[in-house]
Structures are given as structure tokens and as C-alpha cells.
Amino acid sequence: MKLNWGMIGGGEGSQIGPAHRLGAQADGLFTLAAAALDADGAKGRAYAQRLGVAPARAYGDWREMLAGERGRAERVDLVTVATPNATHFEITKAFLEAGFHVLCEKPMTMSVEEGEEIVRIARASGRICAVNYCYSAYPMVREMREMVARGDLGRIRLVVTNFSHGHHGNAADADNPRVRWRYDPAMAGVSGQFADCGIHALHMASFITGDQVEKLSADFASTIAGRALEDDAMVNFRMIGGAVGRLWTSSVAIGRQHGFDIQVFGEAGGLAWASEQPDQVYYTPVGGRKQIIEKGEAGLSDEAARLSRVPVAHPEGFPLAVANIYVDLAAAIRGEARDGLPLAEDGLRSMAAVAAAVDSARAKGAWVDARPPMLR
Ligand SMILES: NC(=O)c1ccc[n+]([C@@H]2O[C@H](COP(=O)([O-])OP(=O)(O)OC[C@H]3O[C@@H](n4cnc5c(N)ncnc54)[C@H](O)[C@@H]3O)[C@@H](O)[C@H]2O)c1
């Protein structure tokens with residue numbers, strides 16, 4: 001039977017809303033049953049109805065949705081939170097406490113303390129709180145994770161990752177409301193670009209290597225006048241297992257489009273992957289030739305094969321990576337364990353890294369412990 005799904009934020013014209021709607025509904029696992037899609041209640045109600053939500057469940061805001069859904073027999077099983085960052089904590093907390101499963105957009109919260117609270121609530125309630133680190137659900141990212149786990153690369157020495165685009169590089173567009181909130185501390189928190197994109201790269205480094213970030217040193221820059229938060233950051237990090245990490249994230253790198261890539265170098269070989277060509281992994285064994293490993297070809301890991309729906313050489317793309325998060329969420333809601341589903345603990349680790357990077361940048365790059373106190 002299909003699960004009932006509710007969505008908060010991600011209204012018409014939003015960046016991430018369509019990927020959630022395509023992703024959640026791609027495999028026939030969820031029905032969009034309730035929604036509070038927009039900061040403008042009337043607009044959100046109208047759009048939800050155009051998407052097929054019954055008028056009584058097309059809500060004007062999330063509190064109304066919570067009140068309307070909590071008493072229903074056929075209430076939503078899962079709520080996605082795709083609003084701007086500052087609202088994630090209170091919405092996620094409220095729905096978890098009311099017994100709903102939640103998929104929260106990143107960053108999960110605005111502080112480490114809030115992140116720890118969400119982890120505690122999720123653990124106590126037995127509800128799932130997942131965080132949308134959707135790039136980790138690309139089939140070939142799962143392939144890289146498997147290759148590292150089975151030792152193809154040997155001990156990991158170095159991870160180099162970039163998430164640098166140029167879409168906020170136009171100073172004339174800096175007041176566009178969809179750009180501005182990302183650099184407004186009241187809406188985005190203590191960090192701009194690092195909390196927006198850098199944490200995806202850091203999560204990916206941990207996800208592929210199976211290791212966690214221990215400490216980091218950061219240099220933040222705000223390159224457009226009037227921006228209170230950084231739009232460019234360089235972060236050096238060390239992983240608990242000893243690997244060296246280098247991360248560059250920027251939103252003013254004009255000409256770079258999505259700009260998310262990662263390279264993992266071990267003593268027995270190296271891997272390279274980029275989100276703009278997500279179906280290929282470049283693998284070079286030490287002393288050997290560079291090879292292209294392709295999504296859909298024979299001999300891939302079970303995980304890479306499981307998360308791919310279309311044949312070799314046919315692109316699946318971003319919405320189906322998001323769909324893979326929903327596939328694993330549906331399984332987890334039904335009680336099956338799903339290794340690889342990003343959870344509240346991952347969201348909390350990101351918040352600890354954000355806090356550490358802000359402290360480090362203020363202290364001229366001093367090395368700061370990046371582990372959340374709760375998970376040390
Ligand atoms: N996982 C990813 O790859 C990814 C990619 C893009 C954005 N995001 C995250 O998704 C979130 C939204 O980002 P976006 O780029 O779509 O932003 P956006 O500004 O394009 O859209 C935000 C949407 O939320 C609605 N909204 C705002 N406040 C609301 C409220 N209180 N109740 C209901 N709706 C509300 C707005 O009306 C709008 O429809 C952010 O937290 C962002 O970090 C994640």
C-alpha cells in the first residue's frame with residue numbers, strides 16, 4: 001500500500017520542491033496527501049490543490065497542517081521539510097514529537113544544541129528523522145563507497161572535494177529574495193555557503209570513506225558588499241582515521257554550474273566523481289591505467305545496481321537520486337533497516353562542522369574539534 005506523504009515548503013518556483021515531488025512519487029511509494037507549500041498561505045493552498053491535494057488538506061501553514069493531520073486516521077506517514085533553514089528545527093521537532101516520520105532538508109538545524117535535541121527526540125520517539133543528503137544516493141556514489149569498504153583503494157590518504165558554483169556571483173542580483181536569505185543570519189544561521197553547500201561535500205567525504213571528520217581549519221570570505229555571511233570558504237580537515245581532507249566551497253565561482261565533485265586517494269588507487277556527470281566514476285589503481293566505471297554496466301555492487309532504474313548509458317539524474325532517499329525511507333518506515341540512509345546523526349555532524357568552521361574562521365584558521373559533543 002502507498003504511504004501518505006506531506007510536504008512543507010518547496011512551493012511553486014522553489015529550487016528543491018520539484019525534486020522532492022518527482023522523487024517521492026517516482027516509484028509509486030508515496031501519495032502527496034497534505035501540504036503547506038508556501039510562506040504565502042493562499043498561494044500554497046492553491047498550488048497544493050493543483051497538485052491534487054484535497055482542499056481540506058491543502059494548508060496555509062505548517063501549524064495548521066500539524067493540527068489537521070495529527071488527529072486523522074489516515075494521517076501522513078512522512079513529512080518533508082523543504083523550507084528555508086531557520087525553520088527546519090521547529091518544524092522537524094514539532095512533527096517528530098507528534099509521532100510523524102520526517103525528512104528534513106539540510107542544514108537540519110541552526111546550531112549543534114538544536115541538532116542534538118533532534119537526535120534525542122528521534123531516538124526517544126522511535127520515529128525516523130532523515131536528512132536530505134541526496135547526492136549520497138546516486139548509484140555511482142554507492143559504488144565508490146563499496147569500493148572503499150572492500151579495500152580497493154587501501155588505506156585512504158586524502159579526500160579533495162569542491163562544491164563551488166557561481167549562481168550568487170552577480171552583485172546586481174544580490175537582493176533577489178531567493179538569494180538574499182542565504183546570507184541573512186536570521187534566515188540562514190551562522191554560516192552562508194559552507195552551511196548551504198560545504199556540508200554536502202563534507203557528508204560525501206564521510207559517506208564514501210566510512211570515516212568521520214575529527215577537526216578542521218577554515219578560511220571564510222564574503223566577496224559581495226553587504227553580505228553578512230561567507231560566500232566562499234576553504235576548509236582543511238582531518239578524519240578520525242587519519243585521512244587528510246581539502247574542501248573548497250563557493251557561490252561566486254562564475255562559470256562553474258553545479259560544481260560538486262570529489263576525489264578519494266588511497267594507497268592502492270584513486271577515485272574521482274562529479275555530480276554533473278554522475279553516471280561515471282574514474283578509477284585508477286596504483287601503477288595502472290585510468291578506468292571509467294559506468295552506471296548500469298555489469299559487475300557493479302548490489303547497492304549501485306539496486307539504486308539504478310534505467311539501462312546503461314541512459315541518464316537518471318538528480319530527481320531519481322532524491323527518489324532513492326524516498327525508496328529507503330519507505331523501507332525504513334516499514335521496519336526494514338537501510339544502510340546508507342542519511343539520518344539526524346548526520347545532520348548533527350554537519351552542524352558541529354559548521355560551528356567549528358565559524359569558530360575557526362573567526363580565529364584565523366585555528367584547528368577546531370568538529371565532532372558533536374554527543375557523538376564524541
Ligand atoms: N538537498 C539539496 O540538494 C538541496 C538543494 C537545494 C535546496 N536545499 C534546501 O532546501 C531548503 C529550501 O531551499 P530552496 O532552494 O528550495 O529555497 P527557495 O527559496 O527556492 O524556496 C523555499 C520555499 O519554501 C517556502 N516557504 C518559506 N517559508 C515557509 C513556511 N514557513 N512554511 C511553508 N513554506 C515556506 C517558500 O514560499 C518557497 O516555496 C533549504 O533549506 C535548502 O538548504 C537542499
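Start at 1 and go down the list; that is how both ligands and their atoms are numbered. Just so we're clear, the structure is a prediction, and the values are computed from it rather than from any experiment.
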Of all residues at least two apart in sequence or in a different chain, which pass the side-chain hydrogen bond (donor to acceptor under 3.5 Å, both in side chains) check with N170?
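Scan of N170 (side-chain hydrogen bond (donor to acceptor under 3.5 Å, both in side chains), adjacent residues dropped) gives none.
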Tell me if the centroids of the rings in [X] and [Y] come within less than 6.0 Å of each other.
X: Y135; Y: F207; value: no
X: F163; Y: W248; value: no
X: H101; Y: F95; value: no

R227 and S222: which non-hydrogen atoms are nearest, and at how many Å?
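Scanning both residues completely, I find the closest heavy atoms to be O-OG, 2.9 Å.
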List the atom of R182, the atom of L229, and the distance in Å for their closest heavy-atom pair.
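Shortest heavy-atom separation between R182 and L229 comes out as O-CD1, 4.0 Å.
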Under a 4.0 Å heavy-atom cut-off, what residues line ligand 1?
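Ligand 1 pocket, heavy atoms under 4.0 Å: G9, G10, G11, S14, Q15, I16, A36, L37, D38, A39, A82, T83, P84, N85, H88, E105, K106, N132, C134, Y135, R178, W181, R182, D196, H200, F318.
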